[in-house]
Amino acid sequence: MKALLGFSRLIDTTTEFIGKSVSWLILVAVLVSAGNAVIRKMFNMSSNAWLEAQWYLFGAAFMFAAAYTLSQNEHIRIDVVYGQFSRRVQHWIDLFGHVFFLMPFVLLMLYYFVPYVKMSYISGEGSSSAGGLIIWPAKAILLVGFLLLAFQGVSEIIKKIAIMTGNMDDPTPYVPTHAPLDDVVALEARP
């Protein structure tokens, strides 16, 4: 289990570095968008390549940050029922979800994306829009994003098993449920 936890830490460190690094892609996308708008309005010229570059940048930020979001336990979940269970039951629910939902979906996407990206790269597939970009980098972004998510899924499974077997402390021992607003305000007002 010690070796697996070391592997998990390596994945988590890599995921955190990538997840935090790609946040800058949003700024770049905004700058490209603003630059494109200014050039279009001032000089009455533009290119579909600028629009597609924005999509690529935003897509890369979204796909590459998905694994980081999973590592931070920030993916959306409906915790109306989840929050009512003990932390041990929540770990079982998370483990079940990772093993039977996340990993099969991610592995299926990888299975389909590898030939999809390969075919696009070999054919030199280009945008259907005049003056657009080549397509295979966008498809490769999807492939890499799901690959990162697969590795992070493995890391989360290792950590859940380690927590439930007592080989690791729970990093989030309490997951709050939605409390009435009055309770939240009262808790925040405490010294």
Side-chain angles (χ1 to χ4, degrees), residues 7-79 94-160:
F7 181 60
S8 175
R9 278 190 296 279
L10 176 65
I11 293 170
D12 290 347
T13 302
T14 304
T15 297
E16 182 175 1
F17 174 77
I18 292 169
K20 288 181 177 179
S21 297
V22 298
S23 64
W24 289 100
L25 294 179
I26 300 297
L27 175 61
V28 175
V30 168
L31 293 174
V32 167
S33 177
N36 186 33
V38 168
I39 290 169
R40 188 176 62 242
K41 295 296 181 186
M42 289 182 69
F43 303 108
N44 198 26
M45 56 187 279
S46 184
S47 170
N48 285 326
W50 290 108
L51 296 172
E52 291 179 9
Q54 294 170 64
W55 301 339
Y56 283 23
L57 291 165
F58 182 74
F62 180 83
M63 290 304 299
F64 294 168
Y68 178 65
T69 304
L70 179 62
S71 75
Q72 299 300 305
N73 198 26
E74 293 293 328
H75 276 279
I76 296 172
R77 70 163 47 101
I78 301 172
D79 64 327
D94 289 342
L95 181 61
F96 181 84
H98 292 331
V99 170
F100 293 105
F101 293 106
L102 174 68
M103 293 309 292
F105 174 71
V106 169
L107 294 174
L108 181 69
M109 294 308 292
L110 288 173
Y111 175 79
Y112 283 112
F113 270 124
V114 169
Y116 183 65
V117 173
K118 182 180 175 184
M119 187 171 55
S120 180
Y121 176 76
I122 290 171
S123 70
E125 182 180 9
S127 173
S128 60
S129 300
L133 301 174
I134 53 175
I135 298 294
W136 71 262
K139 293 180 178 182
I141 287 169
L142 293 169
L143 175 63
V144 172
F146 277 106
L147 184 63
L148 292 170
L149 196 54
F151 276 112
Q152 190 60 47
V154 168
S155 176
E156 295 304 311
I157 290 168
I158 291 169
K159 290 186 289 191
K160 289 297 175 189

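One is the number of the first residue; the rest follow in order along the sequence.
Between W50 and V32 the shortest heavy-atom distance is CE3-CG1, 3.5 Å. Of all heavy-atom pairs between A150 and L110, the closest is CB-CD1, 3.9 Å. E156 approaches S71 most closely through the heavy-atom pair OE2-CA, 3.5 Å. Scanning both residues, S127 and G132, for their nearest heavy atoms gives CB-CA, 3.7 Å. Across all non-hydrogen atoms, the minimal contact from F7 to I158 is CD2-CD1, 4.1 Å. The minimum heavy-atom distance linking G19 with Y68 is given by the pair CA-CB, 3.7 Å.
For the pair T15 and L148, the minimum side-chain heavy-atom distance is 4.5 Å or more. Residues I26 and F58 form a side-chain contact, since some pair of their non-hydrogen atoms from C-beta on lies under 4.5 Å apart. Residues L142 and M63 meet the side-chain proximity criterion, which asks for heavy atoms closer than 4.5 Å. Taking 4.5 Å as the limit, every side-chain heavy atom of M109 sits out of range of all side-chain heavy atoms of L149.
Annotation: the span from W55 atom CH2 to L133 atom CG amounts to 9.5 Å, rounded to 0.5 Å. Here S120 contributes atom OG and Y116 contributes atom OH; the two are 7.0 Å apart, rounded to the nearest 0.5 Å. Rounded to the nearest 0.5 angstrom, F64 CZ and I141 CD1 are separated by 5.5 Å. The structure places NZ of K159 at 11.0 Å from CG of D94, a figure rounded to the nearest 0.5 Å. To the nearest 0.5 angstrom, N36 atom CG is 12.5 Å from L31 atom CG.
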* To do: Before giving the answer on side chain to side chain contact (heavy atoms under 4.5 Å, CB included), spell out for F96 and F101 the whole-Å C-alpha distance, their side-chain angles and the decisive distance to 0.1 Å.
  => CA-CA 8 Å; F96 181 84; F101 293 106; 3.5 Å; yes
* Would you check, one step at a time, whether the test side chain to side chain contact (heavy atoms under 4.5 Å, CB included) holds for Y56 with I135? => CA-CA 10 Å; Y56 283 23; I135 298 294; 4.0 Å; yes
* Determine, stepwise, if the pair W136 / K118 fulfils side chain to side chain contact (heavy atoms under 4.5 Å, CB included). => CA-CA 8 Å; W136 71 262; K118 182 180 175 184; over 6 Å; no
* To do: Dump the intermediate steps for side chain to side chain contact (heavy atoms under 4.5 Å, CB included) on N48 and L51, then the final yes or no.
  => CA-CA 5 Å; N48 285 326; L51 296 172; 3.9 Å; yes
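The backbone N or O of L70 sits nowhere less than 3.5 Å from a side-chain atom of Q152 that would complete a donor-acceptor pair. At least one donor-acceptor pair closer than 3.5 Å links the side chain of T13 to the backbone N or O of R9.
Of the charged side-chain nitrogens involved, at least one lies within less than 4.0 Å of a carboxylate oxygen, so that E16 and K20 count as a salt-bridged pair.
T14 is linked by a side chain to side chain donor-acceptor pair (under 3.5 Å) to nothing, counting only residues two or more places apart in sequence or in another chain.
Counting heavy atoms of neighbouring residues, nucleotides and ligands inside a 6.0 Å radius, atom CZ of F113 exceeds 12 of them.
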